[in-house]
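The block underneath contains the structure these notes are about, expressed in structure tokens.
Note on naming: letters A, B, ... go to the chains in the order of the sequence lines (proteins, then strands), and numbering restarts at 1 for each one.
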Amino acid sequence: MIEWSSATIKDFQTTLLTWYDEHGRDLPWRQDQEPYHIWVSEIMLQQTQVQTVIPYYERFMDWFPTVAALAEAPEERLLKAWEGLGYYSRVRNMQRCARQIMADYDGQWPTTAAALSELVGIGPYTAGAIASIAFNEPVPAVDGNAYRVFSRLLEIDDDIAKPQTRQVFEDVISKIISPTRPGDFNQAIMDLGSSYMTARQPDSEHSPVKRFNQAYLDGKELDYPVKTKKPRPKPVAYVAVLAKMADQWLMTQRPSTGMLANLWTVPLLRLEDLPLEDWTIATPLEIEAAVSAYFKQEYQLELTAASLPVRPVTHTFTHQKWTIQLLQGTLEPGDLAFFAGKTVTDTELATLPQPKVQAKIWDRYHAR
DNA sequence: CTCCAGGTAA
DNA sequence: TTACCTGGAG
């Protein structure tokens, strides 16, 4: 890691902020310094690129214009607003946070990073972003962009996969951040990280901070940031049951904890949970019979099932790779007392919050 | 298809 | 440390 003199730091601040004043992006959440606006945008941007976030942000503000409105929203509305963005626990945490602000702070946001960190769903990054942008507190906002930008500027070799490394970056950035315009400084770093200093195809030749970029000057840009790899996702085999009862789709709501919590899908059964001799070598006919037996046993529902002659749907999460065979079925009229779900018309179907993997299942079904 | 990026909670 | 989701690049 290299060190900058105080003259270099001042030079960098001026160069960065001058560039930001000229070329910073004009985004919906940069119209004012409302902490609510900053917060919503930051939570969305944690996981998604700007172009995708914009329409979600506009609709979110339309549906939930204030912290008070968000605190009172029905959960299904919340999940619908977040449908397709992923990491659904975040929007539930946002509502818990909104309720904390109403109950503990009388609707007024706390104004320091330390206090913001106490709120549900607000970690060190988001606390720094809100405190610096909305309240002008000179604190760093260390996200993936900051890791990438500063590791290259200063050739910081610490492994960003290790939690302790955050402190190294916070210390470094604290010395470099503009004391007068900390919010703009942090946002300029984000813009730099998504334009000239990208992960795979940086364009430092044209970057406004080219001359400060030690890794670029040394031809080692792509060596930064240093990050150890994660293990491969584990394969899991599923069968999706697209079943109708009296012309209505059978849908299930997932449990309130774990993956895709509270979202709606067609019944998804792990092959290894079905009554099969050996699920790794089961034939379509054996799977049909096993699924019917499972429905009878677990839900007390009479299902006639037929495999669909389509490619399985694949969907990869960080830690699991799902391969999903599609199966079509018809249910005898019966009660759903033992089934965690309901039957819906096509119109009602569209109102249920559903994850991307379910969208893929519908796509494959309709393309058959 | 594979690989990878990205914050917080538990 | 591991779970949580989707999208983009190659």
Can you pull the side chain to side chain donor-acceptor pair (under 3.5 Å) pairs that have at least one residue in [range], sequence neighbours excluded?
{"range": "residues 184-194 of chain A", "answer": "A/Arg25-A/Asp191, A/Arg25-A/Ser194, A/Arg30-A/Gln187, A/Arg30-A/Asp191, A/Ser132-A/Asn186, A/Arg181-A/Asp184"}
{"range": "residues 327-341 of chain A", "answer": "A/Gln328-A/Tyr365"}
{"range": "residues 55-74 of chain A", "answer": "none"}
{"range": "residues 100-113 of chain A", "answer": "none"}

* Asked: Does the side chain of A/Lys342 come within less than 4.5 Å of A/Leu352's, by heavy atoms?
  ->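 They are in side-chain contact.
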
* Asked: Taking for each residue the nucleotide of DNA chain C bearing the nearest heavy atom, is the 5' side occupied by A/Arg200 or by A/Gln320?
  ->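 The residue mapped nearer the 5' terminus is A/Gln320.
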
* Asked: What nucleic acid atoms does A/Tyr125 come within less than 4.0 Å of, heavy atoms only: base, sugar-phosphate, or nothing?
  ->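 The answer is sugar-phosphate, as A/Tyr125 gets under 4.0 Å only of primed atoms, P, OP1 or OP2.
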
* Hey, does A/Leu260 reach any base, or is it just sugar-phosphate, or nothing, if we go heavy atoms under 4.0 Å? ->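 Sugar-phosphate contact only.
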
* To do: Please identify each residue that fulfils side chain to side chain donor-acceptor pair (under 3.5 Å) with A/Thr265, with sequence neighbours left out.
  =>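 Residues passing side chain to side chain donor-acceptor pair (under 3.5 Å) with A/Thr265: none at all.
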
[N] [atom2] sits how many Å from [X] [atom1], rounded?
{"X": "A/Gln49", "N": "C/dG7", "atom1": "CD", "atom2": "P", "answer": "11 Å"}
{"X": "A/Tyr224", "N": "B/dC4", "atom1": "OH", "atom2": "C1'", "answer": "20 Å"}
{"X": "A/Arg92", "N": "B/dT8", "atom1": "CZ", "atom2": "C1'", "answer": "14 Å"}
{"X": "A/Asp363", "N": "C/dG7", "atom1": "CG", "atom2": "P", "answer": "12 Å"}

Using the side-chain heavy atoms of [X], tell me which of these nucleotides is nearest: [options].
{"X": "A/Tyr87", "options": "B/dA5, C/dG7, C/dC4", "value": "C/dC4"}
{"X": "A/Tyr88", "options": "B/dG6, C/dT6, B/dA9", "value": "C/dT6"}
{"X": "A/Met259", "options": "B/dC1, B/dT8, C/dC4", "value": "C/dC4"}
{"X": "A/Arg90", "options": "B/dA9, C/dG8, B/dG7", "value": "B/dG7"}

Within the pair [X] and [N], is there a side-chain N or O less than 4.0 Å away from OP1 or OP2?
{"X": "A/Ser89", "N": "B/dT8", "result": "no"}
{"X": "A/Gln201", "N": "C/dG8", "result": "no"}
{"X": "A/Lys356", "N": "C/dG7", "result": "yes"}

If you link I, L, V, M, F, W and Y whenever their side-chain heavy atoms are under 4.5 Å apart, who else ends up in the same group as [X]?
{"X": "A/Leu285", "answer": "none"}
{"X": "A/Tyr216", "answer": "A/Leu217"}
{"X": "A/Val241", "answer": "A/Val239, A/Met245, A/Leu250, A/Leu269, A/Leu271, A/Leu274, A/Leu276, A/Trp279, A/Ile287, A/Val291, A/Tyr294, A/Phe295, A/Tyr299, A/Leu301, A/Leu303, A/Leu327, A/Leu331, A/Leu336, A/Phe339"}
{"X": "A/Tyr125", "answer": "A/Met190"}

* To do: Check the hydrophobic clustering (I, L, V, M, F, W, Y; side-chain heavy atoms under 4.5 Å; chains of links allowed) and say if A/Val91 and A/Trp29 are grouped together.
  =>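 Per the 4.5 Å side-chain linkage, A/Val91 and A/Trp29 are co-clustered.
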
* Asked: For DNA chain C, what residues of residues 308-316 of chain A have any heavy atom nearer than 4.0 Å?
  ->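 Residues of residues 308-316 of chain A under 4.0 Å from DNA chain C: A/His315, A/Thr316.
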
* Where along residues 151-177 of chain A does a heavy atom fall under 4.0 Å from DNA chain B? ->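 Hits under 4.0 Å, by residue number: none.
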
* To do: Output the residues of residues 133-150 of chain A in contact with DNA chain B, where contact means a heavy atom of the residue under 4.0 Å from an atom of the strand; sort by number or write none.
  =>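 Contacting residues: A/Asp143, A/Gly144, A/Asn145, A/Arg148.
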
* Asked: How are the rings of A/Trp4 and A/Phe12 set to each other: parallel, tilted or perpendicular (split at 30° and 60°)?
  ->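 A/Trp4 and A/Phe12: tilted rings.
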
* Return the 5'-most residue of the pair A/Asn93, A/Gln46 with respect to DNA chain B, ranking by each residue's nearest nucleotide. =>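 This one resolves to A/Gln46.
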
